[in-house]
Amino acid sequence: MMKTFSIGGIHPSDSKISKDCKIEVLPVPSKVFISVAQHLGAPATPIVKAGDQVKVGQVIAEPAGFISAYVHSSVSGTVKSVGPRKDLAGNNMTHIEIDVEGDEWIEGVDLTDTLVTAIPEDNKAILDKIKMCGVVGLGGATFPAHVKLCPPPGKKADCLILNGAECEPYLTSDYRIMLERSKEIVVGAAIMKQVLGGCPAVIGIEENKPEAIKAMTAAVAELQSTAKGYEGISVMTLKKKYPQGGEKQLIDAVMGRQVKSMGLPIDVGAVVQNVATSLAVYEAVQKNIPLITNVMTITGDCLPMEKQHNYKFRIGMPLSYIAEVAGGVPAEAAKIISGGPMMGKAIANMDATTVKGSSSLLYLTAEQTVRGVESACIRCGKCAEACPMGLEPFLLQKYARNSMMDELEENAIQDCIECGCCLYSCPANIPLLDIIRLAKGDVIKIIRGRGQR
Amino acid sequence: MDKLLVSPSPHLHTKTSTKSLMRDVVIALLPAVVVSVLFYGWSELLVLGVSVASCVLLEYLITKYLLKGACTIGDWSAVITGVLLALNLPATTPWWVVFIGAVVAIGVAKMTFGGLGQNLFNPAIVGRVFLLISFPTYMTDWTKPQGFICNALADGYTGATPLGIAKEGGVAAVEGLDYMDMLFFNIGGSAGELSAIALLLGFAYLLIRRVIRPYITLSILATVAVFSGIFWAINPAEYTDPLFNLLTGGLLLGSIFMATDYVTSPMSNWGGVIFGVGIGLITMLIRYFGAYPEGVSFAILIMNSVVPLINKWCHTKKYGR
C-alpha cells in the first residue's frame, strides 16, 4: 500500500507540462537587484555601499537576527545603489543594485562538475558552512536551513525527510533536479543526516514521477555501494494527493506521526528539507558555493511547448527579463504566479527580481483563474472533507465573519496551513481561505499576546 | 497583458459547482423517473410536470417579487424539490393537490427560511407530509393508472402498498408478495417507490460522482435491517422481515435522496451516522407500532430538527489533536 497523509486532501490535475524540459542556464543580465529579504525572519543588513566592487559569491548582506540569513552577490561588478525597490507583491524592500561586469567568482569555490562524495567529519564546520552560504529551505517557506538542522536541547531527530513530493500542479523544478542532480541531492541528504546524529533519511516522491523515483533510487544505491556514510537513506513512493508536500502532511505520510497544534516537526522527531535545499547543502558544503542560484519553471497552458522551460537562474534577475528570454508573456495570460497555483503568489510587479525561493513563472488564463460569483453555502461539507488539517472551513468562515475569536480558537483556526484546499473545493465559490487567513492572523496575535503576559 | 490580475491563493478552482452538484442529483433521479413514467403513464407525467414547473416558477416569483434578490432557479435545486415531491406522491394525485404541495415545499419550507442553504427541513418532505395530513384520501389512493408498459399489477388495481397491507392484515397478508417484484418494478405505492433497482442505480451514480458520502444512507438501511431483524427473529408471525422492510415504502427513496440533502443533514461523517441511525429507528418504530403504515418522511423531518444539535457535538478529526 502506497502511503499518504491521513486527513483530507484534493486531487487537482497535475499539469506537469514542462516536465521533459531540461534545465537551461539563464544568461546573466546587465544589471541585478538583490533583495535583502530572501528568507523567513528578519531581513539581512546590507554591508556594501554604492561604488563597491563585488565578486560572484561575495557576502553583501548579513543576518540581522537568529532567524535570518546571509545574502551573497550573484554577479560580479559594481554596486550601483542600496535602497528601496518593489518586490513582486508591490511592497518596498531594500535591494542591492549591481551593474554586471564579467563573471569573476570569489576564491575557494569549486565550479567543476566533479561529484564530491566524501562527507566532512566536523558537524560544526558543516553547519557553519551551511549558514555562511546562506542556505534556506527551498520548498516554499525559505526558513534558514542551519536552524532546522540544530534541534533544540533535549530533542532528537528520528528521521530526516527529503521532500520530493512537488505536489503543486505545474511546477517541475524539483522533478528536474531529481533527474539531473540526483547524486548531489543524495550527498546533501547524507550530510544533513550526519549533522542530525545519523538518523535515517527518507526521500518522499509522489507516484506521478516514476522517472524521478527511479533516478533517486539508483543514485542512493550507487552511493551506498561506493562511498561511506550513505546507509539508512531510502526512497519512498507516495500516493498522489495535494498537499503531500506540506511539512505536517509529509511527516504524517512518511512517519505516521502528527505534529501537535502550534508545535514543531522536531517535537515528533522529524526534520523536513526540500530536495532543492539538499542540493544547496551539497553545493555549500562540498563545493563552497553559496546559495545564489536555483531552478524555476516557466509554464502555463497558454504557453506553446517550445516556450516551456526549466531555468537555472541567479538571484536578483528581473522577472520581466526572464519572461523575455523565455519567449515573452503570452497574450492570454491574465494572472502570473510565482510558485504553484495552490499556494503561490500572484505577481503584481514584473520588475521584481528573483529570490532564493523563486520557483516559477506560471501563466494562467482568465478562464482558469477568475473566481465564480459567490453563492449561498449549501452545507455540502466538501471544504471539511478537503481540509488536510481536519478543520471545518464552513464553520470558521462563519465565526470569522462575526469576529467570534474564542470560537475560532476553539475550532483550531490557528492550525490552518493555508493550502487552499477549502477554497478550491467550494462549489458555491465562497472565499473561505481569504476570510480564514485574515482571522487566523488575528487569533495568532491573541495567542502570542497571551503567551507574553 | 496591460493589467495583471492579483488575488490571494489558491489560483485554481474545482469545476464542481452548486449547479453541477444539483444537476447530478437530478440525473441520479432519472432512472426512477423513467420507470415511474413507463409504468404509470400520462398521469405520472402530469404529476411530475406540474410539480417541477410549479416549484421552479414559485421560486422564481418569490425571489423576484417577494425577496427582490438574485434569482436562484439556475442552481437546479428547485428542480430537485419538484422531482422528489412528484416521486413522493401517488400517480393519481390531482394536479391542484400537487400544486399545493409545491407551494408548501418551496414557499413555506424553503424560501421563508431564506432559500437554498438556510432551510431546516427538507422541502419536498414538508410538502409531502402536508399533503398526507391535509388530503389523506388522495395521498393513499393507490389505483394503478394506465402505464406505457403494463406490469403484473392488474390495471385498475386498488390495493394498498405492501406496508399498508401488512399494517392491516399482519404478516400473513403479505406472504404472497415476491421480493423480486419489489426489487424491480412491481410494487404499489408512490411513483418513486416503484423500483428499488432504479433508486440504487441513482445511489451508485451519486457515490461515483462524489456528490454524496455513503454514511447517512448506509446507516439508515443498516439500522432498519438490524431493528427489524431482531423483532423478526423473536416473532416472525408478528413482525415483517428485514428484506421486506428494506425494499418497501419510501425507505430507499428517502435514505438515498432526501436524508442526504446537504442542507438538512449533518456536516460530519459521524454526525451523519447518528442522523441515519435516528431515521432508521424512528421509521421502524412507526412501521411496527405507529398508526401510519409508513414512517420514513416523519423520521427524516424529526431528525432534520436535531441536525443543529448533532453539528454542535460532532466535529471532524483534527490533525495532531
Counting heavy-atom pairs closer than 4.5 Å to chain B, which one of [options] comes out on top?
| options | result |
| --- | --- |
| A/Gly340, A/Gly8, A/Ala376, A/Ser261 | A/Ser261 |
| A/Cys380, A/Cys422, A/Gly381 | A/Cys380 |
| A/Asp415, A/Asp434, A/Asp252, A/Leu362 | A/Asp415 |

Run the side chain to side chain contact (heavy atoms under 4.5 Å, CB included) check on A/Lys335 and B/Ser7 step by step: do they pass?
CA-CA 9 Å; A/Lys335 197 193 250 182; B/Ser7 71; 2.7 Å; yes

Looking at every heavy atom in both [X] and [Y], which two are closest together, and how far apart are they?
| X | Y | value |
| --- | --- | --- |
| A/Arg371 | B/Pro8 | NH2-O, 3.3 Å |
| A/Gly390 | B/Thr316 | O-OG1, 2.7 Å |
| A/Gly420 | B/Pro10 | O-CG, 3.5 Å |
| A/Gly344 | B/Ser9 | O-CB, 3.5 Å |

With chain A, the option among B/Lys317, B/Arg321, B/Lys15, B/Met22 that has the most non-hydrogen atom pairs under 4.5 Å is B/Arg321

For [X], which atoms come within 4.5 Å of any heavy atom of chain B: side chain, backbone, both, or neither?
| X | answer |
| --- | --- |
| A/Ile10 | neither |
| A/Phe5 | neither |
| A/Leu433 | side chain |
| A/Thr369 | both |
| A/Lys248 | both |
| A/Leu391 | both |
| A/Arg257 | backbone |
| A/Tyr170 | side chain |
| A/Pro431 | neither |
| A/Glu385 | side chain |
| A/Pro341 | both |

With a 4.5 angstrom heavy-atom cut-off, is it the side chain or the backbone of [X] that approaches chain A, or both, or neither?
| X | value |
| --- | --- |
| B/Leu21 | side chain |
| B/Arg213 | side chain |
| B/Asn269 | neither |

Take a 6.0 Å sphere around [atom1] of [X] and say whether it holds more than 12 heavy atoms from other residues, nucleotides or ligands.
| X | atom1 | result |
| --- | --- | --- |
| A/Lys240 | NZ | yes |
| A/Arg437 | CZ | yes |
| B/Phe130 | CZ | no |
| B/Lys318 | NZ | yes |
| A/Lys398 | NZ | no |
| B/Phe99 | CZ | no |

Atom pair [atom1]/[atom2] of [X] and [Y] - distance to nearest 0.5 Å:
| X | Y | atom1 | atom2 | value |
| --- | --- | --- | --- | --- |
| B/Leu5 | A/Ile347 | CG | CD1 | 12.5 Å |
| B/Leu116 | A/Cys377 | CG | SG | 9.0 Å |
| B/Tyr262 | A/Arg379 | OH | CZ | 13.0 Å |
| A/Ser6 | B/Tyr319 | OG | OH | 8.0 Å |
| B/Leu4 | A/Leu88 | CG | CG | 11.0 Å |
| A/Ile378 | B/Gln118 | CD1 | CD | 12.0 Å |

Can any side-chain N or O of B/His13 pair as donor or acceptor with the backbone N or O of A/Gln368 at less than 3.5 Å?
no

I'd like to know whether A/Asn411 forms a side chain to side chain contact (heavy atoms under 4.5 Å, CB included) with B/His315, so could you lay out the CA-CA distance, the side-chain angles of the two residues, the decisive distance to 0.1 Å, and finally the verdict.
CA-CA 9 Å; A/Asn411 286 284; B/His315 292 279; 4.0 Å; yes

Candidate list A/Leu364, A/Ile336, A/Val370, test side chain to side chain contact (heavy atoms under 4.5 Å, CB included), partner B/His11, passing option:
A/Leu364

Do B/Thr14 and A/Lys382 pair up side chain to side chain, a donor and an acceptor below 3.5 Å, judged on atom types alone?
no

